[in-house]
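Structure first, commentary second.
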Amino acid sequence: MRYLVDNGTKWRAIPIDFPPWDRVYAFFRRLRDHGLVREFHDRLRRRVREQAGRDPEPSAGVIDSQSVKADAVVGSDSRGFDGGKLINGRKRHVVVDTLGLLLAVMVTAADVGDRAAAQVAAAHHLLALVWADGGYTGSLVEYSLAVLTVVLAIVKRSDDTRGFVVLPKRWIVERFFAHLMRSRRLVRDFERSTSSAEAMVYWSMTMLMTRRLARPRPWRA
């Protein structure tokens, strides 16, 4: 499954060195439907945070979304057109911690607004502060504080700023999206169901975290 996500191959194109593709897909579907992919991912995230000297569970995060083009196998019931990005496909709504590690992801049609999908932040009940861009302004700030008990801090770009500028905290989630684009399976959305699309995101971050954990520490070098 890691090979498929990293190299972007089709299920039927898995190399002969691996088990038959239908058995690999059966395990993928079983792990996805029982929530084991996310559980495995969350355990790795806690290990990475502890190795970095942080608490296992974060109290602050960053929320944002990414629109990607959808393949022909994606049905019309889960795809849409993002007028801002001019993309016909799906949208990945994510919350990451201050290390850029994934906390929660929700895949919707691309025409679903960021404010409508902001409840993804509630998936991590220990969050107390979430940074967001200007697309999450309005009544959502009061709603997050009253219902989700989460302080939503808006990081805006100055009107006088020209060219590319690194915004505080916003660069963390942008780096996360850059990590996803290194997994060829995630460059486009090839999944028939949104649950499979979310599982692919978790698998991509699982590869990133296992590499970090396997990296030799300075005192061992």
Side-chain angles (χ1 to χ4, degrees), residues 1-6 24 27-66 91-108 117-133 136 144-145 147-153 155 168-183 185-186 191 194-221:
M1 286 179 277
R2 290 164 58 100
Y3 178 88
L4 182 137
V5 175
D6 192 25
V24 178
F27 276 101
F28 168 81
R29 185 173 56 185
R30 186 182 307 171
L31 295 173
R32 177 200 65 192
D33 295 343
H34 290 82
L36 298 179
V37 177
R38 179 169 182 174
E39 180 180 350
F40 176 51
H41 167 274
D42 291 348
R43 290 187 181 184
L44 285 176
R45 186 189 66 238
R46 289 191 285 268
R47 289 278 302 275
V48 173
R49 288 185 57 85
E50 289 175 349
Q51 182 175 287
R54 304 294 185 91
D55 292 333
E57 296 296 339
S59 60
V62 189
I63 187 173
D64 206 348
S65 63
Q66 178 193 45
K91 184 178 290 187
R92 300 166 182 154
H93 307 269
V94 302
V95 179
V96 301
D97 64 5
T98 54
L99 296 179
L101 303 177
L102 180 64
L103 299 179
V105 57
M106 182 172 64
V107 176
T108 65
Q119 63 265 24
V120 69
H124 210 271
H125 63 280
L126 296 179
L127 286 180
L129 173 64
V130 175
W131 289 281
D133 61 14
Y136 295 87
S144 299
L145 184 60
V147 179
L148 305 179
T149 64
V150 174
V151 176
L152 193 63
V155 180
K169 306 301 179 182
R170 288 274 304 279
W171 66 270
I172 298 175
V173 69
E174 296 298 339
R175 184 184 61 179
F176 167 81
F177 289 135
H179 284 310
L180 293 187
M181 291 297 99
R182 298 186 64 181
S183 299
R185 184 81 181 189
L186 297 177
E191 316 309 321
T194 56
S195 59
S196 293
E198 293 169 0
M200 292 296 179
V201 175
Y202 282 118
W203 274 113
S204 177
M205 288 305 296
T206 296
M207 291 188 294
L208 174 67
M209 291 187 294
T210 51
R211 289 167 183 160
R212 287 188 182 182
L213 290 173
R215 188 181 304 162
R217 297 184 183 179
W219 62 271
R220 293 181 179 177

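The figures that follow rest on heavy atoms only: side chains count, while hydrogens, waters and symmetry mates do not.
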> So, do Val37 and His41 sit near enough that their side-chain heavy atoms are less than 4.5 Å apart?
Replying inline: no
> Got Arg49 and Pro56 here, is their nearest side-chain heavy-atom distance under 4.5 Å?
Replying inline: no
>> What verdict does the side-chain hydrogen bond (donor to acceptor under 3.5 Å, both in side chains) test give for Arg32 and Ser196, after you've listed the backbone C-alpha separation in whole Å, the side-chain angles of each residue and the deciding distance to 0.1 Å?
In response: CA-CA 7 Å; Arg32 177 200 65 192; Ser196 293; 2.5 Å; yes
> What closest approach, in Å, do Leu44 and Leu213 show between heavy atoms, and which atom pair accounts for it?
Replying inline: CD2-CD1, 3.7 Å
>> So that I can tick it off, tell me whether Glu50 and Arg46 are bridged by a salt bridge, with the cut-off set at under 4.0 angstrom between side-chain N and carboxylate O.
In response: no
>> With a 4.5 Å cut-off on side-chain heavy atoms, are Phe28 and Met200 touching?
In response: yes
> Is there a donor-acceptor pair closer than 3.5 Å between any side-chain N or O of Asp97 and the backbone N or O of Gly100?
Replying inline: yes
> Any side-chain heavy-atom pair from Asp64 and Phe176 closer than 4.5 angstrom?
Replying inline: no
> Is any side-chain heavy atom of Tyr3 less than 4.5 Å from a side-chain heavy atom of Val24?
Replying inline: no
> Given Trp203, which of Leu31, Leu4, Asp6 fulfils the side-chain contact (heavy atoms from CB on, under 4.5 Å) condition?
Replying inline: Leu31
> Between the side chain of Gln66 and the main-chain N/O of Arg92, is any donor-acceptor distance below 3.5 Å?
Replying inline: no
> Under the side-chain hydrogen bond (donor to acceptor under 3.5 Å, both in side chains) test, which residues partner Ser183, sequence neighbours left out?
Replying inline: Ser204
> Should we count CZ of Arg175 as having more than 12 external heavy atoms under 6.0 Å?
Replying inline: yes
> Between Met106 and Thr194, is any pair of side-chain heavy atoms under 4.5 Å apart?
Replying inline: no
> Checking side-chain contact (heavy atoms from CB on, under 4.5 Å) against Trp131, which of Thr98, Val173, Val151 comes through?
Replying inline: Thr98
>> Return the NZ to CG distance between Lys169 and Leu129, rounded to the nearest 0.5 Å.
In response: 8.5 Å
> Less than 4.5 Å apart, any side-chain heavy atom of Arg54 and any of Val48?
Replying inline: no
> For the residue pair Leu101 and Met205, what are the closest heavy atoms and their distance?
Replying inline: CA-CE, 4.2 Å
>> How long is the straight-line distance from CG of Leu152 back to CG of Leu127, given to the nearest 0.5 Å?
In response: 11.0 Å
>> Any salt bridge linking Glu191 with Arg185? Criterion: basic side-chain nitrogen under 4.0 Å from a carboxylate oxygen.
In response: yes
>> Can you tell me how far apart CZ (Arg215) and OG1 (Thr210) are? Round to the nearest 0.5 Å.
In response: 10.5 Å
> Once you round to the nearest 0.5 Å, how far does CZ of Arg38 lie from CD of Glu198?
Replying inline: 9.0 Å
> Nearest 0.5 Å, what's the CG-CZ distance between Leu36 and Phe27?
Replying inline: 11.5 Å
>> Let me confirm one number: the OH-CD distance from Tyr202 to Glu39, rounded to the nearest 0.5 Å.
In response: 12.0 Å
> Val5 versus Arg2: any side-chain heavy-atom pair under 4.5 Å?
Replying inline: no
